[in-house]
Amino acid sequence: QVQLVESGGGLVQPGGSLRLSCEASTISFSYYAMTWYRRAPGKERELVATISSTGENTNYADSVKGRFTISRDNAKKMAYLQMTTLKPADTAMYYCNAKWEINSSTSLVYWGQGTQVTVSS
């Protein structure tokens, strides 16, 4: 069982920045792709950004491209989401997700409990 613990959320003014962190409990962290999702009240869960297990590849939702940066430190078993130029539309609960595709039919997937980000003046 892998535990993921997010931190770094909070209240920030529009235009501000936050850095979310996700700490993993597994020693196999380097096998997992890491993804940040978010869910705003009354909306569907949205993929925000994902990073491959080695950190070589990243992908972002169009709504955050150029403003958010996902990164990871495999030695520390940490994933990060640097968020800049925040907008009220970024207000949501942010979740860390870890996924290890062991083979074509087997994956291990874990979720954190979430950290709230509120962008408001």
Side-chain angles (χ1 to χ4, degrees):
Q1 185 73 11
V2 175
Q3 288 188 322
L4 301 174
V5 179
E6 301 99 332
S7 62
L11 173 64
V12 63
Q13 292 186 342
S17 299
L18 282 175
R19 188 175 85 151
L20 305 184
S21 298
C22 175
E23 182 174 10
S25 65
T26 177
I27 61 173
S28 303
F29 180 75
S30 62
Y31 291 105
Y32 289 82
M34 299 300 296
T35 302
W36 287 94
Y37 289 85
R38 67 187 180 187
R39 177 173 281 164
K43 294 189 175 182
E44 296 291 318
R45 185 177 64 197
E46 175 187 21
L47 187 152
V48 177
T50 190
I51 187 167
S52 62
S53 58
T54 62
E56 290 183 10
N57 298 303
T58 58
N59 281 291
Y60 297 89
D62 288 342
S63 59
V64 307
K65 279 181 181 177
R67 299 188 299 121
F68 290 12
T69 302
I70 189 170
S71 62
R72 66 189 295 157
D73 185 331
N74 284 352
K76 295 181 178 179
K77 297 181 288 183
M78 297 288 294
Y80 305 98
L81 185 68
Q82 178 68 49
M83 306 185 293
T84 64
T85 320
L86 282 160
K87 306 173 182 179
D90 296 316
T91 296
M93 184 71 80
Y94 284 72
Y95 297 92
C96 178
N97 168 283
K99 183 176 181 179
W100 177 10
E101 295 189 358
I102 298 174
N103 55 46
S104 60
S105 59
T106 305
S107 296
L108 295 177
V109 181
Y110 299 96
W111 291 89
Q113 293 298 308
T115 185
Q116 177 68 38
V117 172
T118 302
V119 184
S120 175
S121 55

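All values derive from a computational prediction rather than experimental measurement.
Rounded to the nearest 0.5 angstrom, Asn57 CG and Ser52 OG are separated by 4.5 Å. Taken from CD in Gln113 to OG in Ser7, the straight-line distance is 13.5 Å, to the nearest 0.5 Å.
Distance alone, capped at 3.5 Å, is enough to place a donor-acceptor pair between the Thr91 side chain and the Val119 backbone. Remark: side-chain polar atoms of Tyr60 are paired, donor with acceptor, to backbone N or O of Ile70 under 3.5 angstrom. Side chain of Arg72 to main chain of Gly55: no donor-acceptor pair is present (N/O by atom type, distance under 3.5 Å, no hydrogens or angles). A distance-only check finds no donor-acceptor pair linking the side chain of Thr84 to the backbone of Gly16 [under 3.5 Å]. Not one N or O on the side chain of Glu23 forms a donor-acceptor pair closer than 3.5 Å with the backbone of Lys77.
Residues Asp90 and Met83 have side chains not in contact (no heavy-atom distance under 4.5 Å, counting atoms from C-beta outward). Between Leu11 and Ser120 the shortest side-chain heavy-atom distance falls below 4.5 Å. The shortest distance between side-chain heavy atoms of Gln1 and Tyr110 falls below 4.5 Å. Contact annotation: the side chain of Leu81 never approaches that of Arg38 to less than 4.5 Å [non-hydrogen atoms, C-beta and beyond]. Side-chain contact between Ser53 and Tyr32 is absent, with no heavy-atom pair separated by less than 4.5 Å.
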Problem set entry | Derivation and outcome, side chain to side chain contact (heavy atoms under 4.5 Å, CB included), residues Trp111 and Cys96 | CA-CA 6 Å; Trp111 291 89; Cys96 178; over 6 Å; no
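Shown here for Cys22 and Met34, the closest heavy-atom pair between the two residues is SG-CE, 4.0 Å. Contact record, Gln82 with Ser17: NE2-CB, 4.1 Å, taken as the closest heavy-atom pair. A pairwise comparison of heavy atoms in Leu4 and Ala24 identifies CD2-CB, 3.6 Å as the closest pair.
Val2 is connected to Leu108 through a chain of hydrophobic side-chain contacts under 4.5 Å among Ile, Leu, Val, Met, Phe, Trp and Tyr, so both are in one cluster. When hydrophobic clusters are built by joining Ile, Leu, Val, Met, Phe, Trp and Tyr residues whose side-chain heavy atoms come closer than 4.5 Å, directly or via intermediates, Tyr95 is grouped together with Val109. Following chains of ILVMFWY side-chain contacts shorter than 4.5 Å, one cannot reach Tyr31 starting from Met78, and the two form parts of different hydrophobic clusters. A chain of hydrophobic side-chain contacts below 4.5 Å, direct or via other Ile, Leu, Val, Met, Phe, Trp or Tyr residues, connects Trp100 to Ile51. Leu86 and Tyr37 fall into different hydrophobic clusters, where Ile, Leu, Val, Met, Phe, Trp and Tyr side chains are chained together by heavy-atom contacts under 4.5 Å.
Classified by interplanar angle (parallel below 30°, tilted 30° to 60°, perpendicular above 60°), the ring pair Phe68/Tyr94 is tilted.
A salt bridge links Asp62 to Lys65: one of the charged nitrogens lies within less than 4.0 Å of a carboxylate oxygen.
For CD of Glu46, the number of neighbouring non-hydrogen atoms (other residues, nucleotides, ligands) closer than 6.0 Å is greater than 12. Around atom CD of Gln3, no more than 12 heavy atoms belonging to other residues, nucleotides or ligands sit under 6.0 Å away.
Cation-pi geometry between Arg19 and Tyr80 is met: under 6.0 angstrom from the ring centre, within 45 degrees of the axis.
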